Amino acid sequence: MENQSFNDSLAELEKILAELRSDQCDVDTLAARTRRAVELLTFCRSRLTTTEQELRSILSTLQNPSDQQ
């Protein structure tokens, strides 16, 4: 999954959710699809957290311009 982008992961997650909400997902694949959804959610949450931390770091330089000198 490391090579998969956030947007690709989100699109796959949305597809899985649509399958789970429809009659297309049978009992035999329910556990596997749910497991994959959890993997995707974990990955997306991690990427969002990392991006948030990076943005906070970048924006903090705007608040403390003297630190850049």
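This structure is a prediction, so every number in the text was calculated from the model and none was measured.
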| Residues that Asp28 engages under side chain to side chain donor-acceptor pair (under 3.5 Å), provided they are two or more places apart | none
| task | State, to 0.1 Å, how close Ser5 and Phe43 come at their nearest heavy-atom pair, and which atoms those are. | result | O-CE2, 4.0 Å
| query | Hey, quick one: are Leu17 and Leu30 part of the same hydrophobic cluster, counting side-chain heavy atoms closer than 4.5 Å, chains of contacts allowed? | reply | yes
| query | Which value, rounded to the nearest 0.5 Å, describes the distance between Asp8 atom CG and Leu13 atom CG? | reply | 12.5 Å
| field | Leu48 backbone acceptor or donor facing Thr51 side chain under 3.5 Å | value | no
| Spacing of Arg56 atom CZ and Gln63 atom CD [to the nearest 0.5 Å] | 10.5 Å
| Thr50 side chain to Arg47 main-chain N or O, any donor-acceptor pair under 3.5 Å? | no
| query | Between Thr49 (side chain) and Arg45 (backbone), is there a donor-acceptor pair under 3.5 Å? | reply | yes
| What is the distance from atom CD of Gln4 to atom CD of Glu39, rounded to the nearest 0.5 Å? | 10.0 Å
| Roughly how far apart are Arg36 CZ and Leu41 CG, rounded to 0.5 Å? | 11.0 Å
| field | Separation of Glu52 CD from Leu55 CG (nearest 0.5 Å) | value | 8.0 Å
| message | If you apply the rule side-chain contact (heavy atoms from CB on, under 4.5 Å), what do you find for Leu10 with Leu40, and how did you get there? | response | CA-CA 7 Å; Leu10 189 58; Leu40 291 164; over 6 Å; no
